[in-house]
Engineer: 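Structure below; questions to follow.
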Amino acid sequence: MKVATWNVNSLRVRLPHVLQWLAAAQPDIVAIQETKVVDGQFPSEEIAASGYQAVFSGQKTYNGVAILSKSAAADVVTDIPHLDDPQRRILAATVGDLRVVNLYVVNGSEVGSDKYAYKLDWLAKVTAWLQEQAAQYQKLIVLGDFNIAPEDRDVHDPAAWAGKILCSEPERAALSALQAIGLSDVFRQFEQPDKSFSWWDYRAGGFRRNLGLRIDLILASNMMADSCSSCIVDREPRTWEKPSDHAPVVAEFVG
DNA sequence: ATGGTCGCCTCGCGA
């Protein structure tokens with residue numbers, strides 16, 4: 001089974017890329033972030049024509065998450081306890097016997113800002129809820145755009161980014177606390193090329209110069225982590241014309 | 001080089 005996460009930065013703009021990538025990569029499940037489309041305008045028909053069902057939680061202009069899957073998704077959750085939030089960043093669904101939680105974590109803008117405080121509060125509330133999900137589902141994958149680079153090796157220039165948004169200690173501590181539920185970053189179960197990133201700023205030739213961060217993660221419960229056979233960043237769609245600023249991250253699970 | 005580029009019911013903001 002192939003499971004992927006991809007921040008597409010507008011599903012309407014990126015739909016041709018998504019369809020091209022689905023046809024080539026044939027993932028079983030894809031978590032998409034930053035759809036930036038309201039539910040009434042979600043391109044369900046085009047996606048269905050490619051052989052995928054979709055569940056989604058969208059809003060105008062910002063955020064928005066979706067799960068595309070070859071088989072049906074059930075038990076969809078878009079809102080969690082103690083987080084009364086109009087921002088559409090959370091989408092959980094069960095596909096087969098796998099619980100999938102798609103997260104578009106708050107960016108946070110700047111360390112110390114109101115948005116940064118919202119990010120840390122959001123992560124604490126999501127972590128408390130994930131603890132319940134983990135108790136309920138042995139086969140659990142939590143994936144998405146975490147907007148946190150877990151370690152310095154996930155950052156092209158750790159010195160320049162030290163203490164900055166996406167790399168600050170409180171953010172990394174919040175990610176560690178989330179993972180302490182029993183969720184491992186399957187990318188690091190395998191040998192990886194140095195300077196493996198999943199996001200590159202559009203500005204200043206970020207991708208061409210590989211000035212990126214690894215902020216798109218696939219976290220798996222113990223049972224799923226044990227069955228993970230590979231995890232890679234697929235840089236190819238980032239080379240296409242008018243790309244998303246993120247590349248898909250893809251994990252394979254056996255059994 | 002304190003810049004650069006995307007996307008949005010687009011001219012200012014969020015990423």
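Computation of the quantities below employed the complete heavy-atom set of this structure, encompassing side-chain atoms and omitting hydrogens, waters and symmetry-equivalent molecules. Quick note on labels: first sequence line is chain A, next is B, and so on, each numbered from 1.
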Engineer: Write out a two-atom table: protein N or O, nucleotide N or O from nucleotides 6-9 of chain B, distance below 3.5 Å.
Structural biologist:
| from | atom 1 | to | atom 2 | distance (Å) |
| --- | --- | --- | --- | --- |
| B:dG7 | OP1 | A:R14 | NH1 | 3.0 |
| B:dG7 | OP1 | A:R14 | NH2 | 3.1 |
| B:dG7 | OP2 | A:K242 | NZ | 2.7 |
| B:dG7 | O3' | A:S10 | OG | 3.4 |
| B:dC8 | OP1 | A:S10 | OG | 2.4 |
| B:dC8 | O3' | A:T61 | OG1 | 3.3 |
| B:dC9 | OP1 | A:T61 | OG1 | 2.8 |
| B:dC9 | OP2 | A:R12 | NH2 | 3.2 |

Engineer: Could you tell me whether the side chain of A:N210 reaches within less than 4.5 Å of the side chain of A:W200, counting heavy atoms only?
Structural biologist: yes
Engineer: For a 4.5 angstrom cut-off between non-hydrogen side-chain atoms, does A:Y137 reach A:L98?
Structural biologist: no
Engineer: State, to 0.1 Å, how close A:N9 and A:K36 come at their nearest heavy-atom pair, and which atoms those are.
Structural biologist: OD1-NZ, 2.9 Å
Engineer: What is the distance, to the nearest angstrom, from the CD1 atom on A:I165 to the P atom on B:dA15?
Structural biologist: 10 Å
Engineer: By the definition side-chain contact (heavy atoms from CB on, under 4.5 Å), identify the one residue from A:V8, A:N7, A:V65 that meets it with A:E34.
Structural biologist: A:N7
Engineer: Is the phosphate of B:dG4, meaning OP1 or OP2, less than 4.0 Å from a side-chain N or O of A:R209?
Structural biologist: no
Engineer: To the nearest Å, give me how far apart CG (A:N63) and C1' (B:dC13) are.
Structural biologist: 13 Å
Engineer: For the rings on A:W21 and A:W6, is their centre-to-centre separation under 6.0 Å?
Structural biologist: yes
Engineer: Contact class for A:F207 vs. all strands (heavy atom < 4.0 Å): base, sugar-phosphate, or nothing?
Structural biologist: nothing
Engineer: Could you state the OH-C1' distance from A:Y118 to B:dG14, rounded to the nearest angstrom?
Structural biologist: 13 Å
Engineer: Take the protein atom CG of A:L213 and the nucleotide atom P of B:dA15, then report the distance between them rounded to whole Å.
Structural biologist: 15 Å
Engineer: Pick the C1' atom in B:dG7 and in B:dT2, then give their distance to the nearest Å.
Structural biologist: 23 Å
Engineer: Taking the C1' atom in each of B:dT5 and B:dT10, what is the distance between them to the nearest angstrom?
Structural biologist: 15 Å
Engineer: How far, in whole Å, is B:dC6 from B:dC11 if one measures between their C1' atoms?
Structural biologist: 15 Å
Engineer: In whole angstrom, give the distance that lies between atom NZ of A:K119 and atom C1' of B:dA15.
Structural biologist: 11 Å
Engineer: Report the distance from atom NZ of A:K70 to atom OG of A:S50, rounding to the nearest 0.5 Å.
Structural biologist: 10.5 Å
Engineer: Taking atom C1' of B:dT5 as reference, at what distance in whole Å does atom CG of A:L211 sit?
Structural biologist: 14 Å
Engineer: Whole angstroms only, please: what is the CG-C1' distance between A:D201 and B:dA15?
Structural biologist: 8 Å
Engineer: Please tell me if the side chains of A:V249 and A:C231 come closer than 4.5 Å, counting only heavy atoms from C-beta onward.
Structural biologist: yes
Engineer: Would you kindly give the NE2-to-C1' distance between A:H246 and B:dT5, to the nearest whole Å?
Structural biologist: 13 Å
Engineer: A:R208 near the nucleic acid: base, sugar-phosphate alone, or nothing, with a heavy-atom cut-off under 4.0 Å?
Structural biologist: nothing
Engineer: Distance check, C1' atoms only: B:dG14 and B:dG4, in whole angstrom units.
Structural biologist: 16 Å
Engineer: Considering only the P atoms, how many Å lie between B:dA15 and B:dC9, rounded to the nearest integer?
Structural biologist: 15 Å
